[in-house]
Amino acid sequence: MSLTRVHLRQDGQTLVAGLLAPRVLQRGPTCLEVALVATNATLLGGDHVRIELAVDAGMHLVIRDVAGTVAYHSRGREAWWDNEIDVAEGASLVWRAEPLVLSQGASVRRTTHATVAEGGRLLMRDTLVLGRSGETGGDIVCDTELTYAGRPALVERLDLADATLPGMLGAHRVIDTVTLLGARPAATTRAFRLAQPGAVARAVGIRAHDTALDATFEEWATQIGAQSWRG
Amino acid sequence: MSGIAALLLADARLPAGGHTQSAGLEPALLGGLEPTDIPGFLRTRLATSARVDAATAVVTRAGAPVEQVLDAWAARTPSEVVRAAAVEAGRGYLRLARTLGMPTSLLPRDTPRPIALGSLARDLGLAAAEVARVAIYDDLQTACAAALKLAPMDPATPVGWLLACADPIDEAVADVAKLTEPQQIPATTAPLMELWQHAHSTATRRLFRA
Amino acid sequence: MPETRALRLGIAGPVGTGKSSLIALLCRELGGTIELGVVTNDIYTDEDARMLRAAGVLDPDRIRAVETGACPHTAIRDDITANAIAIEDLESDYPATELVLIESGGDNLTATFSPALVDAQIFVLDVAGGGDVVRKGGPGIARADLLVVNKTDLAPHVGVDADRMRREGEQAREGRPVIALSRNDADSIAALTSWVRHLLARHRHGEHVATDPGPMAPHFHADGTVHAH
């Protein structure tokens, strides 16, 4: 297993490099902006990537992916990817993730667990692309489990092994999701309003960058005050 | 009691407002689902939302705390439009329970259909597998019945679709009937179906509530 | 707070006979003195409810729509669940409500409300539907609490004798009331509102008993009794 860890504390941060290496881009009194840089040709069959992101109370962490990730043909071995996220009271985490492209023959199991304490905020992007151009794309099962203030906020299994089943993705090859936890967005934004404070904006599309969720992500980032954290 | 109770709960003639529902079929057809894909759509529901709801009913029937079941179900039903429609459908069961003096009538007014159904099943002494089967059957049969209104065909045809799902329904029933805890409820989603259902609240010429 | 629960008055009748307009009229005429609520049963979505909300005759939140899954007959007759819930919600949100008007989804001549859903019902025909509609009969025409022959101002234009239609209605109804209504005829409007106010008073005093017009004509049973189911 390859562990990448970013833990932002009031008195500093812990950075652990794995297949993805954290690089500090910017630092402020209560904020940290980190890029995750691929150190190898991710993601191959048998790889097990684990990313741990933790933000202590009152701190703000912004994560950027430098590039999208390509999951290559698994050659019969699954690749695993686990995200473990912990956002404390009054803390924020914004993860500007780039697309995960599933090549023909790729087989990926991904889990995302996030625990957000009351008053904490989490904003993240998840773009899955089935296949590089001309391919039908690989398989992925994504298990997402997010809790807010100790209560389940979003629990979802997205199993794209049979993506063409009616009602799954149809002819679309891209599924793009922006998830916000700890704040309720403006009524005008097209999104699912979760029962707990939070929302999910989702779109399906043909190409990676035509789903129009960039604007939603920026709007929600502004709403939780991400602009004010710098410097 | 459960001998006829399971049949009653699965019967479209049960006065619980079932005729206002299409189990996501009308939103799907408005969203672009081809009528020829309705059998596949049933498979998708069976693998996703129908299974989530059936498991929710089973866990409710098993006696799990309703607030926890509600949290678990709501976390697996992200669209507020879908949740609101489920609450309206649940009201039909609560009203039935009230008229008949059953404990389910004490549930809060915003209890969604799967929890109301699970609770009613508990009142009526249904076994876990029975309530699971009723929940799944009702969901798929609701879509089949709505299909006759929305894309008319020989009414025997949807019966064939449903029968073709018999084995996978049995498998789903076996999967969910053993569950007892809210966190065990499956969470498999069908993204397009969910988006279609979410858009239904603003559809202008719809026949069905959901 | 009214001492009794709100009077539930159903408005049934074929498509296009003016049920929504009749409700708008009642809201305008009675809204100032009676606490009203409206439940519509729409063919599509909530279009009748939207039309009424747009008419501005009543607080939009007091107008609720029931979507019937293309079963307007079922929704007012056999499985009244969705309508009953809509009415109960209205009454619970506005406890002072005195009169709830329930508009059926436009259906054919056989659709009538269940007495479990409404205390009384008005059946609406219009002159444009043809002078012989009354003679064709049906449970609503024969036995609704009130028959309204609507749009009498159009009668000359469609070659119908509105008076004759009203008379034939009275004959078919064995003395039950008929009102020939035109929105341009103040007397006919007064007759309608007076009928509703009178019904409301009887309801409050417990003198009104809901009766079922039935889906069928009255018929004889072997024991000699006459039934109007």
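Each chain gets a letter, A, B and so on, in the order the sequences are listed, and its residues count up from 1. Heavy atoms only: backbone and side chains are in, while hydrogens, waters and symmetry mates are out.
Within 6.0 Å of CZ in A:R184 there are more than 12 heavy atoms belonging to other residues, nucleotides or ligands. Counted within 6.0 Å of CZ on A:R5, heavy atoms from surrounding residues, nucleotides or ligands total more than 12; the atom is thus considered enclosed. Heavy-atom neighbours of A:Q104 CD from other residues, nucleotides or ligands within 6.0 Å: above the threshold of 12. Summarising the local packing, CZ of A:R151 is surrounded by 12 or fewer heavy atoms from other residues, nucleotides or ligands at distances under 6.0 Å. The local environment of CZ in B:R98 is crowded, with over 12 non-hydrogen atoms from other residues, nucleotides or ligands closer than 6.0 Å. Heavy atoms of other residues, nucleotides or ligands lying less than 6.0 angstrom from CD of A:E89 number 12 at most.
Closest approach of B:A74 to A:A195, counting heavy atoms only: CB-CB, 3.7 Å. Across all their heavy atoms, A:L194 and B:R83 have their closest contact at C-NH2, 3.4 Å. A pairwise comparison of heavy atoms in A:L158 and B:P191 identifies CD1-CG, 3.3 Å as the closest pair. Between B:L33 and A:P166 the shortest heavy-atom distance is CD1-CB, 3.5 Å. Here the closest non-hydrogen pair linking A:M168 and B:T189 is CE-O, 3.5 Å.
Between chain B and the residues A:L154, A:T177, A:T144, the most heavy-atom pairs under 4.5 angstrom are made by A:L154. When each of B:P78, B:G32, B:A190 is checked for heavy-atom pairs under 4.5 Å with chain A, B:P78 comes out on top.
One distance of note links CG of A:D159 with OG1 of B:T188; it measures 7.0 Å at 0.5 Å rounding. The distance from the CG atom of B:D71 to the OH atom of A:Y148 is 13.5 Å, given to the nearest 0.5 Å.
For B:A28, no part sits under 4.5 Å from any heavy atom of chain A, backbone or side chain. For chain A, the nearby parts of B:R76 are the backbone and the side chain; heavy atoms of each come within less than 4.5 Å. Residue contact with chain A, scored on non-hydrogen atoms closer than 4.5 Å, involves the backbone and the side chain of B:E194 alike. Heavy atoms of A:A191 lying under 4.5 Å from chain B belong exclusively to its backbone. With a 4.5 angstrom heavy-atom cutoff, A:E156 touches chain B via backbone and side-chain atoms both. Residue B:A199 touches chain A through both its backbone and its side chain, counting heavy-atom pairs closer than 4.5 Å.
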Criterion side-chain contact (heavy atoms from CB on, under 4.5 Å) on B:W73 and A:V155, from CA distance to verdict: CA-CA 9 Å; B:W73 173 81; A:V155 182; over 6 Å; no
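Between the side chain of B:E80 and the backbone N or O of A:R193, at least one donor-acceptor pair lies under 3.5 Å.
A 4.5 Å side-chain heavy-atom check between A:R157 and B:T48 finds every atom pair outside the cut-off.
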